[in-house]
There are 2 protein chains.
Amino acid sequence: MSGPVTIRDVARAADVSPATVSRTFVRPEKVDAVTRERVLSAAARLDYRPNRAAQSLITGLTGNIGIVVPDLTNPFFPSVVRGIQSRAEELGYPVLLVDTGEDAARESELVTRLGRQVDGLVLCAARMSDEDLLSHRQQRPLVLINREVPGVPAVTFDNAAGIAQEVMHLKALGHVRIGYVAGPGTSYSSRVRQGAVTTHLAAAALTEVAVGSFAPSFDGGRSAAEKVLLANVTAVMVYNDVMALGLINQLAQYGVSVPNDLTVVGYDDIEFAAMANPALTTVRVPREEAGALAMSYLNALMTATGPAPEPPAQLKTEFIFRGTSVRVPLTGALAE
Amino acid sequence: MSGPVTIRDVARAADVSPATVSRTFVRPEKVDAVTRERVLSAAARLDYRPNRAAQSLITGLTGNIGIVVPDLTNPFFPSVVRGIQSRAEELGYPVLLVDTGEDAARESELVTRLGRQVDGLVLCAARMSDEDLLSHRQQRPLVLINREVPGVPAVTFDNAAGIAQEVMHLKALGHVRIGYVAGPGTSYSSRVRQGAVTTHLAAAALTEVAVGSFAPSFDGGRSAAEKVLLANVTAVMVYNDVMALGLINQLAQYGVSVPNDLTVVGYDDIEFAAMANPALTTVRVPREEAGALAMSYLNALMTATGPAPEPPAQLKTEFIFRGTSVRVPLTGALAE
DNA sequence: CTGTTAGCGCTTTCAC
DNA sequence: GTGAAAGCGCTAACAG
């Protein structure tokens, strides 16, 4: 008899009923040790694999989990995905991935579609509204990364601390008027970070000069160059590393050299921050760790029988002092 | 009655049998147009969604496709994944992703596991042996990207042409002794590229100086710096952009400036190649396009009833002349 | 602890 | 063109 081996084949080989075979895999403790061994060895001998579809049909569970990211080509996200993926693999979950292409509108629809194929979801930097998020949360377990909505489980970074460290750093270097290049106002973490910048700059008695909002991309950073030049500052904090790198690149076109003429600090510590020349001063956010933690938490949520598991703490960020920040007085073109 | 709406609910609402509802979705042409409309409107009204597990159980198909990549944090792969993903979405396939972590040994096992959850697979830069690949190909439809094995469908790049263009470029710039920094010998595309370099350099009557094999990473490129310096060449071709960037970075530590002291050309045209300073001369390989094409081809394979569909042509590569390559005679430290 | 009995929701012969 | 019936492979009561 051909075809894949089914639970009945194993049952026959082990001389038990199909139900006992099923129990052996689902509730081993409810099966006599001797019987269990017999079943297990028969299953191994026949190379039996439970049919997922049949299990799904009856349990209503797929055994898969889903990840949603806004843009996989943004170097922030592959690390997160990797963290989720490797933990998911340890836990035995295959992972369904969807890249929404930064499209906030489609995001919610894609989550709905994906939601039907998985038992739980990790949403990275979700762009959708709080309401949509809350409604998806009703459907199935879900963990957010880098986004907070009251009542929705989330893994977040201690952004305030990271910003505080940068501010302290800039103050220690003697900077007083400090520019801030913001990300898109529609992004949750951009708004959070902007708030932290304002707060900590004020607390440090430093002057914040808002440069404006730009796309969270290399070109977005580039397009901020003119406004930065006009801001009459000695240092500028940028929403993220990719933008900071773009800004520095465009500044070079203007003959403005970083850090001699201007101090620039980024955020995220993407791989290329260290590779750039000069290497970018930034704040490291533990992306892979966040992914793994989110997956662990999601698993706890999915398997929880009793009370909801404790949400994980905020992840610590780490200030990284590299080559794009120096002490004032400046000696270059922008010095007065 | 609560729960999700089933085919019987629709049948009742449309006053037909469940079989007719099923046919309406699976073989619409076998249902009378009027009946079909009635069923469709009832389905829409009730917001009916077929249960995937039930369909799967009966058809043996999951409706999903899988992607396997060696390392998602290598900027080459997210683009490919994006290409696959967006095309898969158009075709209605959810995508299962696995990152093997460059582990050739685990790769085959992961493919086996993943294979049971999907109807078809796209394998990027597969590290496993030809034999393993051939055996997986027996199991289910599969398309390779950037790897060739006789008898296995694949989307590949015209690497020879890319290398030829680079060689021509270097020759035009007056370089004669040219170093080659190879990728890992275990990598298929590294071997292919090495072969092309040797062939075209010889054909152009240029001298090839083998610098050695290194890890395909930024640090791998860095570690090639000493040997490059010792190679007494005016130009060096590097296996890929990430390595080229690492090499340039480390060279700077030695006080060797690119391109003044040494011409460096990369391969791939990853996003950061253009962002680097100076921007990297390289060869663009259409990664996202390759992903989309592979997915289209896979779909053709999966839905093919008659003869096997035509394999797609090799994807054209494009030489990109940027800032890291200049004409000899050199004026810097390495000039003679 | 184990077997028997019923389906999960859907597709698919096979009649009509 | 449409319906009735028979499972796909598995799990979950329910007896024993």
Side-chain angles (χ1 to χ4, degrees), chain A residues 1-43 46-64 92 115-119 140 302-303 305, chain B residues 1-43 46-64 92 116-117 119 303 305:
Chain A
M1 166 228 63
S2 58
V5 3
T6 76
I7 208 170
R8 310 183 64 122
D9 300 325
V10 179
R12 209 168 305 139
D15 197 33
V16 294
S17 75
T20 299
V21 178
S22 175
R23 279 191 208 99
T24 306
F25 288 101
V26 184
R27 283 171 187 2
E29 72 281 5
K30 306 223 121 207
V31 174
D32 183 86
V34 179
T35 318
R36 195 194 309 151
E37 277 318 309
R38 199 147 35 93
V39 171
L40 254 18
S41 90
L46 299 178
D47 191 32
Y48 165 71
R49 316 283 176 148
N51 179 318
R52 288 282 211 145
Q55 292 183 134
S56 258
L57 182 54
I58 206 160
T59 61
L61 263 26
T62 64
N64 301 326
R116 300 175 26 79
Q117 320 264 24
V118 301
D119 300 339
R140 62 200 71 244
M302 296 191 315
T303 59
T305 53
Chain B
M1 160 232 66
S2 59
V5 3
T6 77
I7 207 170
R8 311 183 62 123
D9 300 325
V10 179
R12 211 166 305 137
D15 195 35
V16 294
S17 74
T20 299
V21 178
S22 174
R23 278 191 208 101
T24 305
F25 288 100
V26 185
R27 282 170 188 4
E29 73 280 7
K30 306 222 125 210
V31 174
D32 184 86
V34 179
T35 318
R36 196 193 308 151
E37 277 318 309
R38 198 146 35 94
V39 170
L40 254 18
S41 89
L46 299 178
D47 192 31
Y48 164 72
R49 316 283 177 149
N51 178 317
R52 288 282 209 144
Q55 293 183 135
S56 257
L57 182 54
I58 208 162
T59 61
L61 263 26
T62 64
N64 300 326
R116 299 175 28 75
Q117 319 265 27
D119 299 340
T303 57
T305 54

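Computed from a prediction, not measured in an experiment: that's the story for all the values here. A note on names: the letters A, B, ... follow the listed sequences, proteins ahead of strands, and every chain is numbered from 1. Computed over heavy atoms, backbone and side chain alike; hydrogens, waters and symmetry mates excluded.
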**Request:** Determine the stems involving DNA chain D; a stem requires 3 or more consecutive pairs of the Watson-Crick or G-U wobble kind, each with both distances below 3.5 Å, and the answer is none if no such run exists.
**Result:** C:1-4 with D:13-16, C:6-16 with D:1-11
For the side chain of [X] and the backbone of [Y], is there at least one donor-acceptor N/O pair under 3.5 Å apart?
X: A/Arg36; Y: A/Thr24; result: no
X: A/Arg52; Y: A/Thr62; result: yes
X: B/Thr59; Y: B/Gln55; result: yes

Tell me the interatomic distance from [X], atom [atom1], to [N], atom [atom2], rounded to whole angstroms.
X: B/Arg52; N: D/dG9; atom1: CZ; atom2: P; value: 20 Å
X: A/Lys30; N: D/dA13; atom1: NZ; atom2: C1'; value: 12 Å
X: B/Arg38; N: D/dG1; atom1: CZ; atom2: C1'; value: 12 Å
X: B/Ile58; N: D/dC10; atom1: CD1; atom2: C1'; value: 14 Å
X: A/Gln55; N: D/dA12; atom1: CD; atom2: C1'; value: 14 Å
X: B/Arg116; N: D/dG9; atom1: CZ; atom2: P; value: 13 Å
X: A/Arg8; N: D/dC10; atom1: CZ; atom2: P; value: 10 Å
X: A/Asp9; N: D/dC8; atom1: CG; atom2: C1'; value: 14 Å

**Prompt:** With respect to the phosphate group of D/dG9, does any side-chain polar atom (N or O) of A/Thr6 fall under 4.0 Å of OP1 or OP2?
**Reply:** no
**5' priority, DNA chain D, between B/Val16 and B/Leu57 [closest heavy atom]** = B/Val16
Using a heavy-atom cut-off of 4.0 Å across all strands, would you classify [X] as base, sugar-phosphate, or nothing?
X: B/Val21; value: nothing
X: B/Tyr48; value: sugar-phosphate
X: A/Ser56; value: nothing

**Message:** For A/Asp32, I'd like to know if atom CG has over 12 heavy atoms of other residues, nucleotides or ligands within 6.0 Å.
**Reply:** yes
**Request:** May I have the step-by-step check of side-chain contact (heavy atoms from CB on, under 4.5 Å) for B/Asp119 and B/Asn64, ending in yes or no?
**Result:** CA-CA 6 Å; B/Asp119 299 340; B/Asn64 300 326; over 6 Å; no
**Message:** Let's go through B/Ile7 and B/Phe25 carefully: what are the C-alpha distance in whole Å and the side-chain angles of both, what is the deciding distance for side-chain contact (heavy atoms from CB on, under 4.5 Å) to 0.1 Å, and is it a yes or a no?
**Reply:** CA-CA 11 Å; B/Ile7 207 170; B/Phe25 288 100; 6.0 Å; no
**Interface limits on DNA chain C, where chain A has a heavy atom under 4.0 Å of a nucleotide atom** = C/dC1 to C/dG9
**Request:** Dump the intermediate steps for side-chain contact (heavy atoms from CB on, under 4.5 Å) on B/Ser56 and B/Leu61, then the final yes or no.
**Result:** CA-CA 5 Å; B/Ser56 257; B/Leu61 263 26; 5.7 Å; no
**Item:** Minimal non-hydrogen separation, B/Ala54 against B/Asn51, with atom names
**Value:** N-OD1, 3.0 Å
